[in-house]
Number of protein chains: 2
Amino acid sequence: MGQQGATTTARPLRADAARNREKLLSAAREMFDEAGTDASLEEIARRAGVGVGTLYRNFPTRIELIEAVYRHNVDELCASGARLAESLEPRAAFEAWLLEFVAYAGSKRGLAGALRSALGDDASHVFADVHDRLTSSGDALLHAAQADGGIRDDVETMDVLRAVSGVCMAAPDWRDPAKTQRALRIVLDGLRYRPAD
Amino acid sequence: MGQQGATTTARPLRADAARNREKLLSAAREMFDEAGTDASLEEIARRAGVGVGTLYRNFPTRIELIEAVYRHNVDELCASGARLAESLEPRAAFEAWLLEFVAYAGSKRGLAGALRSALGDDASHVFADVHDRLTSSGDALLHAAQADGGIRDDVETMDVLRAVSGVCMAAPDWRDPAKTQRALRIVLDGLRYRPAD
DNA sequence: TGCGTAACCGGAGGCGGCCTCCGTATAGTT
DNA sequence: AACTATACGGAGGCCGCCTCCGGTTACGCA
């Protein structure tokens with residue numbers, strides 16, 4: 001799942017370098033999850049089994065690491081969308097995807113905040129990019145489910161995502177999967193209702 | 001403008017202690033303005049002409065300092081409201097007060113954010129308190145202006161404040177007084193319009 | 001297969017911020 | 001004036017940030 005999108009046209013990373021970059025990314029994701037976006041970078045490097053130097057070479061500034069993790073999460077979410085579309089029937093796939101989106105929204109909470117405050121309003125490029133990929137990935141699932149008749153026709157992906165993330169943000173302890181799932185259930189059921197046409 | 005609200009029933013501070021506390025508060029306000037809410041505490045102490053020990057004695061944790069500054073700003077805003085009510089005619093007073101609110105909203109930007117993310121949702125007590133004081137202070141000015149006929153009757157303080165802060169937040173560089181004033185002007189003019197009754 | 005080198009690794013080290021602790025100073029009291 | 005509760009302030013230990021460079025390794029080439 002390509003990690004260097006449109007940024008560099010440079011020569012591909014050397015094998016060990018690529019490995020380390022991946023280890024850093026996943027360590028960072030763990031730590032940001034546990035300790036928020038101002039977790040210790042040295043600890044991240046340590047946990048990745050890598051020297052700090054390597055961390056700083058890959059991500060010269062903290063914000064770049066955060067951004068990479070953020071993008072990485074979105075990547076996974078999209079990939080998982082494609083996977084779900086193949087293994088489940090349309091509505092179930094869409095619902096499962098939303099469930100994963102909740103987890104993503106959790107991490108996004110801190111990440112998006114840190115990005116915004118660090119990049120100021122230059123953060124728009126990141127958000128626009130993410131928005132697009134999320135939309136197109138969600139559209140595929142949603143439209144399939146709609147065509148299949150499992151979900152009402154008068155909603156769009158972003159409507160749903162907004163509703164869902166609204167539920168999470170509003171819930172004080174969105175980390176408790178049981179509670180969020182119950183809340184999410186309400187939205188999901190709402191999606192099945194079909195207005196009289 | 002008591003600074004120890006409902007927390008301590010303790011003996012009043014010694015004279016020098018009170019002085020230092022005040023110096024710290026104003027230094028903190030400066031620094032938070034310039035460098036955001038994670039400005040160096042040592043630098044704040046330095047700028048206040050006080051040892052770090054003194055800072056930590058008054059505000060054991062960074063978040064307590066932030067909260068104090070936040071409250072302090074609100075205090076000033078309310079006090080200034082009362083002052084304006086005496087020295088200007090009703091509508092002008094209200095408008096002037098809104099202008100000051102903009103400055104406050106600027107600082108609030110960072111402060112409120114830091115509070116929310118640090119206190120989680122236990123921050124509600126702070127916000128409720130602030131909300132109340134803001135409302136009652138604004139009401140006095142607004143109602144006077146409405147009675148005087150300078151401002152339409154069908155708005156409430158919080159409507160106005162929301163509109164105003166919306167303007168500021170939306171404006172990329174709300175720190176430029178000229179631009180914010182121009183934006184603010186639009187809201188102010190809107191307030192003079194009287195719907196046909 | 002073996003060699004040369006560009007690419008990469010990693011951690012020591014300098015800096016600055018966080019917070020604590022305690023010897024010293026002073027406001028307020030009698 | 002003397003006494004004491006209260007407050008001051010900065011040295012010091014710790015930790016995280018980031019840079020820099022001597023050592024290591026993957027990869028192309030013969």
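Computed over heavy atoms, backbone and side chain alike; hydrogens, waters and symmetry mates excluded. Every chain is numbered from 1 and lettered A, B, ... according to where its sequence line falls, protein lines coming before strand lines.
Look at CZ on B:Arg62: it is 9 Å from C1' on C:dC18, rounded to the nearest Å. Rounded to whole angstrom, the span from the CD1 atom of B:Ile44 across to the C1' atom of C:dC19 amounts to 15 Å. Distance, A:Leu65 CG to D:dC18 C1': 14 Å, rounded to whole Å. In this structure, CE of A:Met31 is placed 11 Å from P of D:dC17, rounded to the nearest angstrom. Summarising the geometry, the separation between CG on A:Leu55 and P on D:dC20 is reported as 17 Å, rounded to the nearest angstrom. Computed from coordinates, the B:Arg47 CZ to C:dG17 P distance equals 12 Å when rounded to whole Å. When the P atom of C:dG14 is taken as reference, atom OH of A:Tyr56 falls 17 Å away, rounded to whole Å. As rounded to whole Å, 12 Å separates atom P of D:dC18 from atom CG of A:Asp38.
Residue order along DNA chain C, read from the 5' end via each residue's closest nucleotide, puts B:Arg46 first among B:Arg46 and B:Arg19.
Evaluation of the side chain to side chain donor-acceptor pair (under 3.5 Å) rule for B:Glu42 yields no partner, not counting sequence neighbours.
Under the salt bridge (charged side-chain N to carboxylate O under 4.0 Å, His left out) rule, B:Glu76 has a single partner from B:Arg83, B:Arg133, B:Arg71, B:Arg29, which is B:Arg29.
Contact between B:Leu77 and B:Leu134 at its shortest, heavy atoms only, is CD2-CD1, 3.9 Å. Heavy atoms only, all atoms of each residue included: A:Phe32 and A:Ala39 are closest at CD2-CB, 4.4 Å.
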Side-chain donor-acceptor contacts of residues 45-54 of chain B below 3.5 Å, not counting sequence neighbours, with atom names and distances?
unit_1  : atom_1 : unit_2  : atom_2 : d
B:Arg46 : NH1    : B:Glu43 : OE1    : 2.7
B:Arg47 : NH1    : B:Glu30 : OE1    : 2.9
B:Arg47 : NH1    : B:Glu34 : OE2    : 3.2
B:Arg47 : NH2    : B:Glu34 : OE1    : 3.4

task: Treat primed atoms plus P, OP1 and OP2 as sugar-phosphate and everything else as base, then score nucleotides 7-12 of chain C 5' to 3': B for base contact with protein heavy atoms under 4.0 Å, S for sugar-phosphate contact only, - for none.
output: BSBBBB
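Once rounded to the nearest 0.5 Å, the distance linking CG of A:Asp16 with NZ of A:Lys23 reads 9.5 Å.
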